[in-house]
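The next block holds one structure in the form of structure tokens; read it before the comments.
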There are 2 protein chains.
Amino acid sequence: MFNLSVIPRHMGRRSDHTPQELRQLLVREGHALMAERGFARFSAREAARRAGYSVGTIYNVFGSLDAYLLAVNSRTFRLWSAWLEAALDGVPPGGTARLEALVRAYFSFAAENANCWLAIYDHRIDRETPIAKEDVAAREALTAIVDREVSAWMGKPADAETRRLVRSLISMVHGHCAMWLSGSFALLQESDPASQALARVLEVLAAQSD
Amino acid sequence: MFNLSVIPRHMGRRSDHTPQELRQLLVREGHALMAERGFARFSAREAARRAGYSVGTIYNVFGSLDAYLLAVNSRTFRLWSAWLEAALDGVPPGGTARLEALVRAYFSFAAENANCWLAIYDHRIDRETPIAKEDVAAREALTAIVDREVSAWMGKPADAETRRLVRSLISMVHGHCAMWLSGSFALLQESDPASQALARVLEVLAAQSD
DNA sequence: CACGAAACTAAACACTGTTCAATTAAAAAA
DNA sequence: TTTTTTAATTGAACAGTGTTTAGTTTCGTG
């Protein structure tokens with residue numbers, strides 16, 4: 001019994017996928033592999049193999065391994081944003097209901113996609129290596145959701161100070177999530193880190209009213 | 001010109017280091033290499049080479065790569081704890097001065113030892129792989145410092161609730177630090193994450209008084 | 001002094017990421 | 001249509017990994 005989906009092919013140019021399709025195929029396959037194995041055991045060779053191509057194709061299409069990993073992680077960001085929006089959908093404004101839904105969805109996505117979520121932060125790149133604008137956009141979209149919800153809660157458009165606070169709030173929630181999922185020392189005995197994070201967020205926001 | 005410090009040796013048993021010395025030597029060399037290269041480009045082979053031994057010795061001494069990395073990271077934890085104590089030394093109680101010093105020292109250690117600090121969280125191990133009690137102790141010592149300072153500030157011994165809060169506070173500060181040092185999306189434009197973290201800590205602590 | 005156990009190494013294995021010449025097919029030009 | 005050019009794809013090579021194991025040397029012990 002052998003794998004029919006990956007037929008050995010000859011050298012040379014192929015045309016069974018358009019450039020766009022190929023990009024998408026490689027990203028999806030890489031994303032699935034990342035979910036399965038996690039960042040430490042991820043292999044570009046294996047991802048290409050599963051897509052029915054050879055490693056070289058990844059370098060052709062993305063230019064570098066870093067760019068490929070960035071693209072794989074961008075998919076995680078897009079799925080994450082969609083998850084948050086879905087969780088917020090239908091929650092009425094007023095009180096802290098939407099903020100609560102936001103924090104809980106932030107956590108639940110990370111928990112249900114632990115390997116991919118952690119890979120976002122596992123992948124380090126030099127400060128000066130250029131990042132494709134598509135990848136920047138995927139990251140900014142997530143922050144924008146929090147900006148929107150916090151400024152809605154505050155009842156005023158987000159000024160510079162608010163935006164700064166939002167990034168601090170994100171870091172707070174991120175910290176709880178990262179400590180929890182990476183199994184680090186601090187939160188080993190914490191059974192409900194999401195509730196802790198939420199409590200801290202509400203305390204900090206309440207403190208801003210003064 | 002060749003390296004005198006690593007003289008090629010024969011096979012077989014040696015006795016130029018006691019077991020303790022050898023352990024320490026390998027950990028120090030590994031720690032230095034981690035500081036130089038970071039987790040992603042760390043190599044146990046290279047660490048052993050620099051110590052004048054072969055890879056196999058690491059497996060002999062530590063049993064597994066995971067155990068070795070744990071030991072290397074434990075050294076970081078011990079240095080970190082010492083750094084915090086040094087920063088706290090001489091700061092008088094009263095007000096938030098000691099808490100402020102604590103948070104700032106937390107950050108400055110991470111900043112000055114970025115690769116080693118990040119390695120602590122980069123190294124993932126299965127939940128069930130056993131951790132040497134020496135390594136557990138190094139991690140608990142850090143948490144204990146924060147427990148001590150927070151309960152001193154509160155003016156009461158730390159009960160279960162306080163200990164839970166402390167772990168949440170650590171996660172908050174960790175989040176700011178991690179976002180900053182890993183160069184992730186949110187804090188790229190934040191010039192002073194330590195001050196943001198500190199502000200959040202004080203807001204949260206103030207909220208507990210009610 | 002002999003001998004068993006402990007420490008240490010070299011080598012093998014199966015993998016990586018990265019680069020590049022060779023190959024094939026598509027697209028463009030004639 | 002035929003030819004030529006250009007683009008996509010691969011296999012193979014290279015220098016590294018982590019991990020295991022057989023073999024070598026030396027230390028302690030009887």
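As a basis for the values below, the full set of heavy atoms in this structure was taken, side chains included, without hydrogen atoms, waters or symmetry mates. Here is how names work: the chains are called A, B, and so on, in the same order as the sequence lines, proteins then strands, and each is numbered from 1.
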So does [X] pair up with [Y], basic N to acidic O under 4.0 Å?
X	Y	answer
A:Glu46	A:Arg41	no
B:Arg148	B:Glu85	yes
A:Glu36	A:Arg50	yes
A:Arg167	A:Asp147	yes
A:Arg98	A:Glu149	yes
A:Arg164	B:Glu190	yes

Using the side-chain heavy atoms of [X], tell me which of these nucleotides is nearest: [options].
X	options	answer
B:Tyr53	C:dT18, C:dT9, D:dT20	C:dT9
B:Arg13	C:dT18, D:dT25, D:dG11	D:dT25
A:Met11	D:dG11, C:dT16, C:dT18	D:dG11
B:Thr57	D:dT10, D:dG18, C:dT9	C:dT9

| When only distance counts, do a donor and an acceptor, one from the side chain of A:Arg41 and one from the base of C:dT16, lie under 3.5 Å apart? | no
Roughly, in whole Å, what's the span from [atom1] in [X] to [atom2] in [N]?
X	N	atom1	atom2	value
A:Asn60	C:dG17	CG	P	16 Å
A:Tyr68	C:dT18	OH	C1'	16 Å
B:Phe39	D:dT17	CZ	P	15 Å
B:Leu22	C:dA6	CG	C1'	13 Å
B:His17	D:dC27	NE2	P	14 Å
B:Ile58	C:dA7	CD1	C1'	15 Å
A:Arg45	D:dG16	CZ	C1'	12 Å
B:Glu46	D:dA15	CD	P	16 Å

Can you see if the side chain of [X] gets near the phosphate of [N] - specifically, an N or O under 4.0 Å from OP1 or OP2?
X	N	value
A:Ser15	C:dA26	yes
A:Ser43	C:dG17	yes
A:Arg49	C:dT16	yes

| request: Could you pick out which residue, B:Arg14 or B:Asp66, lies toward the 5' side of DNA chain D when each is mapped onto its nearest nucleotide? | output: B:Asp66
| If each of B:Gly12 and B:Tyr59 is mapped to the nucleotide of DNA chain D with the nearest heavy atom, which maps nearer the 5' terminus, i.e. the 5' end? | B:Tyr59
| query | At what angle, to 10 degrees, do the two end axes of the helix from C:dA5-D:dT26 to C:dA30-D:dT1 meet, given five pairs define each axis? | reply |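 The helix from C:dA5-D:dT26 to C:dA30-D:dT1 shows an end-to-end axis angle of 20°.
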| query | Touch check for A:Ser54, heavy atoms < 4.0 angstrom, all strands: base, sugar-phosphate only, or nothing? | reply |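 Base: the residue A:Ser54, judged by heavy atoms under 4.0 Å, touches a nucleobase.
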| query | So do B:Ser43 and B:Arg37 actually touch side chain to side chain, heavy atoms under 4.5 Å? | reply | yes
| said: Quick check on DNA chain C: between A:Arg37 and A:Gly56, whose nearest nucleotide comes earlier from the 5' end? | reply: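 Upstream on the strand: A:Arg37.
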| task | Sort out for me which residue in A:Phe107, A:Tyr106, A:Trp117 forms a ring-ring contact (aromatic ring centres under 6.0 Å, His included) with A:His174. | result |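 Option passing the ring-ring contact (aromatic ring centres under 6.0 Å, His included) with A:His174: A:Trp117.
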